Amino acid sequence: MTGPAVAAVRRAVRGFLESVEAPAELCVAVSGGADSLALAEATAYVGRHRGHRVRALVVDHGLQEGSAKIARDAAAAAKSLGADEAEVRRVDVTGPGGPEAAARKARYRALAGHDLVLLGHTLDDQAETVLLGLGRGSGPRSVSGMRPHDPPWGRPLLAVPRATTRAACAELGVEPWEDPHNAEARFTRVRLRTEVLPLLEDVLNGGVAAALARTAAQLREDSEALDTSADRIFTRAGGVEGLDVAVLEGEPAALRRRVLRRWLLESGVRELTDGHLRAVDALVARWRGQGGVWLPGNLEARRCRGRLCVISQPTTRGD
């Protein structure tokens with residue numbers, strides 16, 4: 001007989017799959033932790049009744065002693081929970097941004113290449129993501145958290161608490177792997193999980209994680225509506241080749257900056273910051289004949305005969 005936690009996880013997966021156009025093969029990212037194992041079992045159960053094959057994908061980051069065995073055990077656990085097949089993918093974790101960011105980028109690269117990959121992010125993960133966005137001050141786009149469906153990524157468990165996935169594993173008689181990194185306070189997310197969120201729950205009398213997740217969902221809806229309006233303005237203004245300032249001048253700042261953000265990203269600007277965006281916006285909203293705005297990648301945004309354009313500047317080298 002199915003326990004209430006297993007039923008809750010299966011219900012979340014079923015609801016997600018009914019809301020998207022799911023491919024014949026469902027891939028599930030499995031780490032061996034409670035969230036991913038509960039997700040793997042629910043996907044295998046629901047997928048079997050819907051005619052899907054389920055493939056478990058295990059990423060071995062190679063960051064800990066015995067990581068290869070941990071990955072093999074996670075793959076075996078996924079198979080025992082009903083996955084049709086499971087495979088381990090080894091990655092090299094290198095790059096800027098610290099070990100957390102480098103591992104995340106390597107993991108997503110290893111999981112890419114499929115129509116749909118289900119990830120075990122829970123309600124608690126969403127709350128942590130919202131708090132990170134608030135702390136960085138990077139605007140509503142980051143505070144709106146993770147999307148349930150952001151192809152090829154699917155996150156069926158964003159409304160399911162972490163406690164439920166742990167209870168589901170207990171009901172299934174499965175002992176999840178506990179990543180020792182999840183107890184290291186040098187990682188920002190660990191401190192949010194073990195210090196900040198418990199304190200907020202205590203001070204605000206509980207329900208904080210769920211409230212943050214609701215706020216994220218509301219902001220996502222608002223942002224999507226604004227993005228739709230901004231896309232129409234982007235088309236009217238001219239597109240990637242250059243933007244007609246006259247079209248942008250009368251628009252509210254929230255829409256205008258969305259247009260500029262899309263334009264700059266599609267023009268090849270990387271590592272775009274709020275400071276860059278506001279400086280370019282000043283070429284429209286506070287035009288006083290000023291010069292162009294230097295951008296990452298040796299690019300410059302400038303105003304030319306009533307239009308905004310991005311030009312490439314030659315690289316200069318010191319003697």
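No experiment lies behind these values; they were computed from the predicted model shown. Hydrogens, waters and symmetry mates play no part in the numbers below; they use all other heavy atoms, side chains included.
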Exercise for the section: Answer yes when Glu249 and Arg256 have at least one side-chain N-carboxylate O distance shorter than 4.0 Å, and no when they do not. Expected result: no

Practice task
Report yes if the side chains of Val174 and Leu37 come closer than 4.5 Å at any heavy-atom pair, otherwise no.
Solution key: yes

Problem - SB check Arg89 Asp60 (cutoff 4.0 Å) - result: no

Completion exercise
Between Val59 and Ala110, the two heavy atoms sitting closest are CG2-CB, 4.1 Å

Handout entry: Residue pairs passing the salt bridge (Lys or Arg N to Asp or Glu O under 4.0 Å) test where at least one lies in residues 282-299, sequence neighbours excluded
Key = none

Handout entry: Side-chain ion pair, Asp274 and Arg261, N-O less than 4.0 Å
Key = no

Practice task
Output yes when Asp84 and Lys79 qualify as a salt bridge under the 4.0 Å nitrogen-oxygen rule, no when they do not.
Solution key: no

Practice task
Find out whether Leu157 and Leu119 are in side-chain contact, i.e. whether some heavy atom of one side chain is under 4.5 Å from a heavy atom of the other.
Solution key: no

Handout entry: Approximate separation, where rounding is to 0.5 Å, of Asp35 CG and Thr122 OG1
Key = 5.0 Å

Problem - Distance, nearest 0.5 Å, that separates OG1 of Thr215 from CD of Gln126 - result: 10.5 Å

Practice task
Report yes or no: does Glu128 contribute a side-chain atom to a donor-acceptor pair with the main-chain N or O of Leu123 at less than 3.5 Å?
Solution key: no

Practice task
For Arg107 and Ala102, indicate whether the former's side chain and the latter's backbone hold a donor-acceptor pair under 3.5 Å.
Solution key: no

Problem - Donor-acceptor pair, side chain of Glu171 and main chain of Ala5, under 3.5 angstrom - result: yes

Exercise for the section: Determine yes or no for a side-chain-to-main-chain donor-acceptor pair under 3.5 angstrom, with His52 supplying the side chain and Arg48 the backbone. Expected result: no

Practice task
Verify, without hydrogens or angle tests, whether Arg220 (side chain) and Ser144 (backbone) share a donor-acceptor contact under 3.5 angstrom.
Solution key: yes

Problem - Presence of salt bridge, Arg166 and Glu178, under 4.0 angstrom - result: yes

Completion exercise
Residues pairing under salt bridge (Lys or Arg N to Asp or Glu O under 4.0 Å) where one sits in residues 231-244, two or more places apart or in two chains, turn out to be Asp231-Arg262, Arg236-Glu251

Practice task
Could you tell me whether the side chain of Thr228 and the main chain of Glu224 form a donor-acceptor pair under 3.5 Å?
Solution key: yes

